[in-house]
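Reviewing the structure listed below.
Everything numeric in this text was worked out from a predicted model, so none of it was measured.
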Amino acid sequence: MIDVGALRALRSVAALGTLARAADELGFTASAVSQQIKRLERQVGVPVLAPAGRGVVLTPAGQAIVDSAPDVFQALERCAEAAQSVSEGAPRGMLRVVAFSTAIRGLLAPTILRLSTRCPDLRVHITEQDPDQALHIVDAGTADLALVHDADGLPAPLPSSLTQHHMHTDVGDIVMNRTHPLARLDSPLAGADLVTHAWVTSPPGSVCHQWFRRLFADVPEDPDVRHLADDFATQLSLVASGDVIALIPRLARPPLGEGLVSRPLRRQPKREVHAAWRRSANASPAIQAVLAELVSRDQP
């Protein structure tokens, strides 16, 4: 019989292209993953990988095994769900969640205490991951639930084995020192109001930098970018100095305190946040418990 761990290792190697990358994802050494693959080859009687440059590729037999793997994992997951339902469906055990950093800060962290009170036998393990990688990890079975956001209005491609549910709409506001001239304005701000002021913003390539650039799409002048910082807490510390303003997603924003204020934009940038999980885990009491807490938190 094929070893499930070896099957999962082959699927990860197939997706990532090298034993080392698969080992990092699975939490093993490259040697351990290699031994799992060799064990799988002994079990099926044929090679499943072949060298290709610095990486490896699937043999036809290996590809056939990987193509069948989702059915195997889904069947095993249904067995686990059936066992949990016999135990009255109480959320228990470990739920592995992967999410982008601001979803951890703004959505997951506030729910943990309430969840631990309502589901004392459930332990949630959270790992920070970008959306594309998070979906791959859940699809591969090394995590159970992902929180992902779209990229500039385009959702991350969803593997066919996964399903998703809209959880939250995140928007961006302008944050400034209370002494800043813009703080005196009550009406929503536009690019023309902002272009003459100094900025700290997220680095190019990030969603928030795309938001920032879009603010000035109809403005002929270039904005005065003084600082680039990926961490929003760092941005806020620079804003507190009074010299710069920043565009900050609400999920990423801690309480501003007395020294800072936020102002809305006339055309608010936004991103949609979804939860994604394997279709075969739809009945998971643990997943449903976390989703219920996230939904209740986001309701007005």
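Nearest approach of A146 to V138, heavy atoms of both residues: CB-CG2, 3.7 Å. Smallest separation of non-hydrogen atoms from A240 and L260: CA-CD2, 3.7 Å. Considering all non-hydrogen atoms of both residues, E41 and L49 come closest at OE2-N, 3.6 Å. Across S12 and E25, no two heavy atoms sit closer than the pair OG-OE1, 2.6 Å. Contact record, L256 with V261: CD1-C, 3.9 Å, taken as the closest heavy-atom pair. Of all heavy-atom pairs spanning I245 and V239, the tightest one is C-CG2, 4.0 Å.
Looking at T234, its side chain never comes within 3.5 Å of a backbone N or O of D230 through a donor-acceptor pair.
When the side chains of ILVMFWY residues are joined at heavy-atom separations under 4.5 Å, either directly or via intervening members, V175 and V244 end up in a single hydrophobic cluster. Residue L58 is grouped with residue I37 when hydrophobic side chains (ILVMFWY) are merged at heavy-atom distances under 4.5 angstrom, including chains of intermediate members. Using a 4.5 Å cut-off between side-chain heavy atoms of Ile, Leu, Val, Met, Phe, Trp and Tyr, with links allowed through other members, V171 and L194 fall into different hydrophobic clusters.
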Start with the C-alpha distance between L238 and R226, add both sets of side-chain angles, then the distance that settles side chain to side chain contact (heavy atoms under 4.5 Å, CB included), and finish with yes or no. CA-CA 10 Å; L238 291 168; R226 299 280 178 89; over 6 Å; no

Assess the residue pair H274 and H168 against the criterion (ring-ring contact (aromatic ring centres under 6.0 Å, His included)); give the C-alpha distance rounded to whole Å, side-chain angles, the decisive distance to 0.1 Å, and a yes or no. CA-CA 7 Å; H274 289 81; H168 181 80; over 10 Å; no

Would L158 and Q164 count as a side chain to side chain contact (heavy atoms under 4.5 Å, CB included) if you check the C-alpha gap in whole Å, the side-chain angles of each, and the deciding distance to 0.1 Å? CA-CA 8 Å; L158 189 72; Q164 67 179 9; 3.9 Å; yes

From CA spacing to verdict: side chain to side chain contact (heavy atoms under 4.5 Å, CB included), L147, L294: CA-CA 11 Å; L147 290 183; L294 290 171; 4.2 Å; yes

Dump the intermediate steps for side chain to side chain contact (heavy atoms under 4.5 Å, CB included) on L236 and V200, then the final yes or no. CA-CA 9 Å; L236 290 175; V200 53; over 6 Å; no

Could you check R11 against D139 for salt bridge (Lys or Arg N to Asp or Glu O under 4.0 Å), going step by step and ending with a plain yes or no? CA-CA 10 Å; R11 192 182 186 196; D139 184 39; 3.2 Å; yes

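Remark: S101 OG to D231 CG distance equals 8.0 Å, nearest 0.5 Å. Atom CD1 of I104 sits about 10.0 Å away from atom CD1 of I112, to the nearest 0.5 Å. Once rounded to the nearest 0.5 Å, the distance linking CG of L16 with CG of L26 reads 8.0 Å. Note: I287 CD1 to N282 CG = 8.0 Å, rounded to the nearest 0.5 Å. Atoms CE and OG, from M176 and S262 in turn, are 7.5 Å apart once rounded to the nearest 0.5 Å. Annotation: the span from D121 atom CG to S116 atom OG amounts to 11.5 Å, rounded to 0.5 Å.
With respect to R263 and D193, no salt bridge is recorded, no charged nitrogen being found less than 4.0 Å from a carboxylate O. One finds a salt bridge joining D218 and R267 here, because a Lys/Arg side-chain nitrogen approaches an Asp/Glu carboxylate oxygen to under 4.0 Å. For D170 and R271, the salt-bridge test passes: some basic side-chain N is under 4.0 Å from an acidic carboxylate O.
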Identify all side-chain donor-acceptor contacts of residues 122-135 below 3.5 Å with residues at least two apart in sequence or on another chain.
none

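Remark: R96 CZ is packed, more than 12 non-hydrogen atoms of other residues, nucleotides or ligands lying under 6.0 Å away. Counting heavy-atom neighbours within 6.0 Å of R118 CZ, excluding the residue itself, gives a total of 12 or less.
In this structure, S202 and F232 have side chains that are in contact, with non-hydrogen atoms separated by less than 4.5 Å. Taking the side chain as every heavy atom from C-beta outward, T111 and V290 never approach each other to under 4.5 Å. Counting heavy atoms from C-beta outward, H180 and R178 have side chains that stay 4.5 Å or more apart.
Q235 and T201 form no side-chain donor-acceptor contact under 3.5 Å, judged by distance and modelled atom types alone. Using modelled atom types, one finds a donor on one side chain and an acceptor on the other under 3.5 Å when comparing H166 with E272.
Relative orientation of the H209 and F212 rings is tilted, given thresholds of 30° and 60° on the angle between their planes.
Evaluation of the side-chain hydrogen bond (donor to acceptor under 3.5 Å, both in side chains) test over residues 240-257, restricted to residues two or more places apart or in two chains, returns D173-R250, D173-R253.
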